Every structure is written in structure tokens, then in C-alpha cells.
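Values in this document were obtained by computation on a predicted structure and should not be read as measured data. All residue numbers refer to positions in the sequence shown, counting from 1. Keep in mind that the numbers below use all heavy atoms, side chains included, and drop hydrogens, waters and symmetry copies.
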Amino acid sequence: MIEDAMGEALLGVLMEPEIDRKLRLAEEVCKVRNFKVVDGDSPSIPPKPGRPKSWKVLATEEIGERPKLTQLEGRRALLHSLANIELSAIELPILAILEFPGKDASYYRDMLFIAEEEVRHARSLIHRLEKLGEEFGTRSVHLGLWHTARAYPDLCDRLAVVPRILEAKGLDVSHKIRRQLIGAGDQESARILEGIYYDEIKHVALGTKWFRRVCRERDLSPASHFLSISRKFQPSRPVAIDREGRRRAGFTETELQFVKGKHQK
Ligand SMILES: [Fe+2]
């Protein structure tokens, strides 16, 4: 387990409701790289991460459709939704540190690296949203990523689900969204999403690295274990995937074929 003081600081990030303070606390703790790894159990994790009292937190399926990106309202809704996703993306690697004791320091370091980049993503999206005249938290949000992650309490499953299924889906939609933003004349938002895209490839690649390592430690076949977990997330119809980005993040051709959908030729 990561040493107690760090563990408490990380728990503090999860529980902090105020966004500015949460981002600042996360930034500070992610910079620490010379922590000790000690024996110990996972601390008790809150059922939900902290959010401002004034926020309206809904179930994922209750969040309404976004207007088209050609409209300013649609671009604001997109940035708000992405900022919300990045906020959860900071918390997931922190959760992956606190929930899984017994790993070596390089695992914790990789998770802190991801969380640190996610703070940057959240900040840049919140800042861009403000430039477009809207404050973060004025729309309904969801905790879908958090709840999905927590539904997989085993490290190997979590590493398949969070970086290799959920984050990888973000790669699939990035090009199309950026093209639409550029079409709508919003080069600046597209530029921010492009930076995020390249960072996310690194995060998915780290997920691949740790997923395979944990599979090896357990004598599991990474290929068949990934396919069995991702079956639940497999689309019923073929979907467009970002083959190039996913390949760079360590997906094999068999995995690519599988995540693309059942009727893929
Ligand atoms: Fe991110």
C-alpha cells in the first residue's frame, strides 16, 4: 500500500467537494514521487466522491441529449460533459491506488502520472467552458465512470474495464468530435481535445501494461480474459473504432476485431 500520509491525502482528494480545491489537492499529491510502499489494507472508500452541494447529480441515463455542435449551446454542453468525465478520470486512478494494496511503487507512480494529466485535462476544459461563457457545474452531471469502476472490485477486471474499455471508447469518438468542432469554427476546443487524445493513448497503454502484468501474475491469458470481461460492453452492432490510437495503446488485432462489434467482417 502507498504510505499512510499519501493514502490520506489521496482519500482527501476523493472526498473534497469543492472543485478548485479538489484539483489543487490532486495536483499536489500527484507530484509526490518519493513515497514509500508499506504493508497495509485498503482504507474505507466513500460510496461516492465529493461534489459541490449545489450540483445536480443524476444517473447517466437521465442526462439529456446535447444540442448540435454547430450551436454554441451544443459546444458548451459538450465541454461541460467532457469536464465532468475528466473530473471522474482524476478520481479513478486514485481509487486504483487506494483499493489495491500490495503493488509495487511503479504501479502507484503510473496511476499518479495518469491522475496528474487528468487534472490538466479537467482544468483546460473548465477554462475553455468559461471562455464560452459558462461556469462548470451549471448543468446536470453523472458519476457513471465512478460507479462502473466500483462495480469491478478486482484489480485485473478493473484494469480491463477502466483504461481498456471506458477510456479507449474516448479515443474512438475523439476524431469525429474534433472534426465537428473545427467545422463549427471552434478550433480552440478542437486543439484542447487533440492534446487530451494523445495523453489518453498513454493512459490506455499504461492500462494495457498493467492488465497484462497482473494477468501474467495470475496465470491468466490476457487475450481471453480481456474478451470475457469486454463481452458485457460489446456493442450489438458494429461501431467505428480508432484502430490507430488503440493499436498505439497496445490493443492486439484480435481485441480490435472484438471491440468493433459482433457483425464485423
Ligand atoms: Fe483525460
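The minimum heavy-atom distance between T208 and A249, with the atom names listed, is OG1-O, 2.7 Å. Across every non-hydrogen atom of C156 and R218, the tightest pair is CB-NH1, 3.4 Å. When every heavy atom of V38 is checked against every heavy atom of E3, the shortest pair comes out as CG2-CA, 3.8 Å. Listed here is the closest heavy atom pair of G12 and L25: O-CD1, 4.3 Å.
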Name the atoms and distances for all side-chain donor-acceptor pairs under 3.5 Å in residues 92-101, with sequence neighbours left out.
residue	atom	partner	partner atom	Å
E99	OE1	R158	NH1	2.8
E99	OE1	R158	NH2	2.7
E99	OE2	R150	NE	3.4
E99	OE2	R150	NH2	3.0

Which donor-acceptor pairs under 3.5 Å do side chains of residues 64-73 form with protein atoms, sequence neighbours excluded?
residue	atom	partner	partner atom	Å
E73	OE1	R139	NH2	3.4
E73	OE2	R139	NH1	3.2
E73	OE2	R139	NH2	3.0

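At most 12 non-hydrogen atoms from other residues, nucleotides or ligands lie less than 6.0 angstrom from NE2 of H127. Within 6.0 Å of CG in D41 there are 12 or fewer heavy atoms belonging to other residues, nucleotides or ligands.
Contacts of E62 classified as side chain to side chain contact (heavy atoms under 4.5 Å, CB included), with partners at least two apart in sequence or in another chain: L58, A59. For E135, the side chain to side chain contact (heavy atoms under 4.5 Å, CB included) criterion is met by T138, not counting sequence neighbours.
Residue pairs meeting the side chain to side chain donor-acceptor pair (under 3.5 Å) criterion with at least one partner in residues 108-123, sequence neighbours excluded, are E27-R123, R33-E116, E86-H121, D110-K209, D110-W210, E117-K202, E117-H203, E118-H121, E118-H203, R120-D199, H121-D199, H121-E200. Pairs passing the side chain to side chain donor-acceptor pair (under 3.5 Å) check and including a residue from residues 7-17, sequence neighbours excluded, read E16-R21.
Side-chain N or O atoms of S228 include one that pairs as donor or acceptor with a backbone N or O of H225 at under 3.5 Å. The closest donor-acceptor contact from the side chain of K22 to the backbone of L14 lies under 3.5 Å. Without hydrogens or angle criteria, S140 side chain to I63 main chain gives no donor-acceptor distance under 3.5 Å. At least one donor-acceptor pair closer than 3.5 Å links the side chain of H80 to the backbone N or O of G137.
With rounding to the nearest 0.5 Å, the separation of CD in E255 from CD1 in I241 is 10.5 Å.
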